[in-house]
Amino acid sequence: MLQQQISEAVACIREKFTEQPSVGLILGSGLGMLADEITNPVKISYDSIPNFPESTVEGHAGQLVLGELNGLTVIAMQGRFHYYEGYGLDVVTFPVRVMKALGVETLLVTNAAGGVNTSFIPGDLMLITDHINNTAQNPLIGPNNPALGVRFPDMSTAYDRNLQAIARDVAADLQLNLKEGVYVWNTGPTYETPAEIKMLQAIGGDAVGMSTVPEVIVARHAGMDVLGISCISNMAAGILDQPLNHEEVIETTEKVRESFLALVKAVLERIGAQ
Ligand code: HPA
């Protein structure tokens, strides 16, 4: 059933783009401009792909962009699906299954996140070294299809060490102060309370957001290597004495545009040279 749905989406994409992408990019809130750097782009809106839903959140374009980026053939999601929009996690993670079926082996996930670690400031970029699923949800709940992955996937290196090393190296070359830490997934759509943020600090979280973890779980199930980068768009609730809003999140991502683009493009170049 799921395999049938994947095949239908793959057939539609291959009709429009015949090369095989090796790297997949999921671009979070305000970070979709990376897809505008793709050369000879083929753009496919989500609503024209079988079994893809429509994306509803502000700041997301809602299309796949396929083409060349720094020497690699890539497939980018300009906008992703979130659990808080009301989609099931099977829907949220469907594009990752499709990327795998198209031949993608490396997945680069990005997001805007609240800073939980008080040494961070808005505008920092954070290499995701690990995550905490704080939701009691999991996209793999249900019967397992062994053709897609194992029943009990290992998550001890959810974020690939080699890719992390590349990101650190590249950041040093660019003289970019790349922070590191643990990303916590909450479902949203509410931002957290100050008490919840204290709890996340206590359990080892450095940043918090409403995405990424479902896609990473499915990517690991599918055997893909993952690199994750968060843009710290605001300090999480209670750290500063000010309310949070989505506009602030988008404004900050616009400010880090240059360093974010430089980091990701240099990482891709290094992956291509391996
Ligand atoms: N909390 C949850 N998700 C977020 C935040 C936050 O503070 N900022 C951006 N996404």
Side-chain angles (χ1 to χ4, degrees), residues 25-34 55-62 77-87 89 92-93 108-139 158-159 178-217 228-257 259-260 263-264:
L25 303 162
I26 301 182
L27 305 175
S29 299
L31 302 170
M33 72 285 186
L34 180 60
S55 165
T56 63
V57 80
E58 276 174 69
H60 291 259
M77 287 184 77
Q78 208 169 24
R80 58 148 63 83
F81 305 109
H82 300 87
Y83 187 61
Y84 63 71
E85 293 174 271
Y87 302 121
L89 288 178
V92 169
T93 59
L108 204 159
V109 289
T110 66
N111 57 56
V116 169
N117 182 324
T118 55
S119 75
F120 294 174
I121 56 168
D124 276 344
L125 296 176
M126 184 191 91
L127 175 66
I128 304 177
T129 55
D130 205 348
H131 73 225
I132 294 173
N133 178 354
N134 196 40
T135 68
Q137 309 289 328
N138 193 301
Y159 299 85
L178 182 63
K179 302 288 165 60
E180 299 193 7
V182 174
Y183 176 89
V184 181
W185 174 39
N186 279 342
T187 62
T190 48
Y191 290 114
E192 297 71 27
T193 63
E196 286 164 347
I197 294 305
K198 275 191 199 156
M199 177 187 78
L200 299 187
Q201 288 169 333
I203 65 174
D206 295 292
V208 59
M210 307 177 192
S211 68
T212 302
V213 168
E215 293 110 313
V216 171
I217 289 173
I229 296 171
S230 290
C231 164
I232 304 300
S233 56
N234 57 280
M235 293 314 290
I239 293 181
L240 305 175
D241 191 19
Q242 63 187 45
L244 310 187
N245 63 71
H246 188 63
E247 288 65 42
E248 181 191 3
V249 169
I250 300 300
E251 270 168 35
T252 310
T253 55
E254 276 160 16
K255 281 189 203 139
V256 299
R257 183 197 155 87
S259 49
F260 175 74
L263 177 67
V264 173

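Just so it is clear, the values below take in all heavy atoms, side chains as well, and ignore hydrogens, waters and symmetry mates. Just so you know, ligand 1 is whichever comes first in the structure, and atom 1 is the first atom listed for that ligand.
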Neighbouring residues of ligand 1, heavy-atom cut-off under 4.0 Å: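 Its neighbours under 4.0 Å (heavy atoms only) are Ala112, Ala113, Gly114, Tyr191, Glu192, Val208, Gly209, Met210, Ser233, Asn234, Leu244, Val249, given by chain and number.
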
Any side-chain donor near an acceptor of the partner, Asn111 and Ser211, under 3.5 Å: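 Side-chain D/A pair, Asn111 to Ser211: absent.
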
Shortest non-hydrogen contact from Glu180 toward Phe120: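 For Glu180 versus Phe120, the nearest heavy atoms are O-CZ, 3.6 Å.
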
Where Gly28 and Arg80 come nearest, the two heavy atoms and their spacing: CA-NH1, 3.6 Å

Residue list, side-chain contact (heavy atoms from CB on, under 4.5 Å) with Pro139, at least two apart or on another chain: Leu89, Thr93, Pro214, Ile217, Val218

Residue pairs involving residues 112-129 (criterion side chain to side chain donor-acceptor pair (under 3.5 Å); sequence neighbours excluded): Asn117-Ser119, Asn117-Asp206, Asp124-Lys179

Please output the side-chain donor-acceptor pairs of residues 184-191 that fall under 3.5 Å, not counting sequence neighbours, one pair per line with the distance.
{"residue": "Asn186", "atom": "OD1", "partner": "Asn134", "partner atom": "ND2", "Å": "2.7"}
{"residue": "Asn186", "atom": "ND2", "partner": "Glu192", "partner atom": "OE2", "Å": "3.1"}

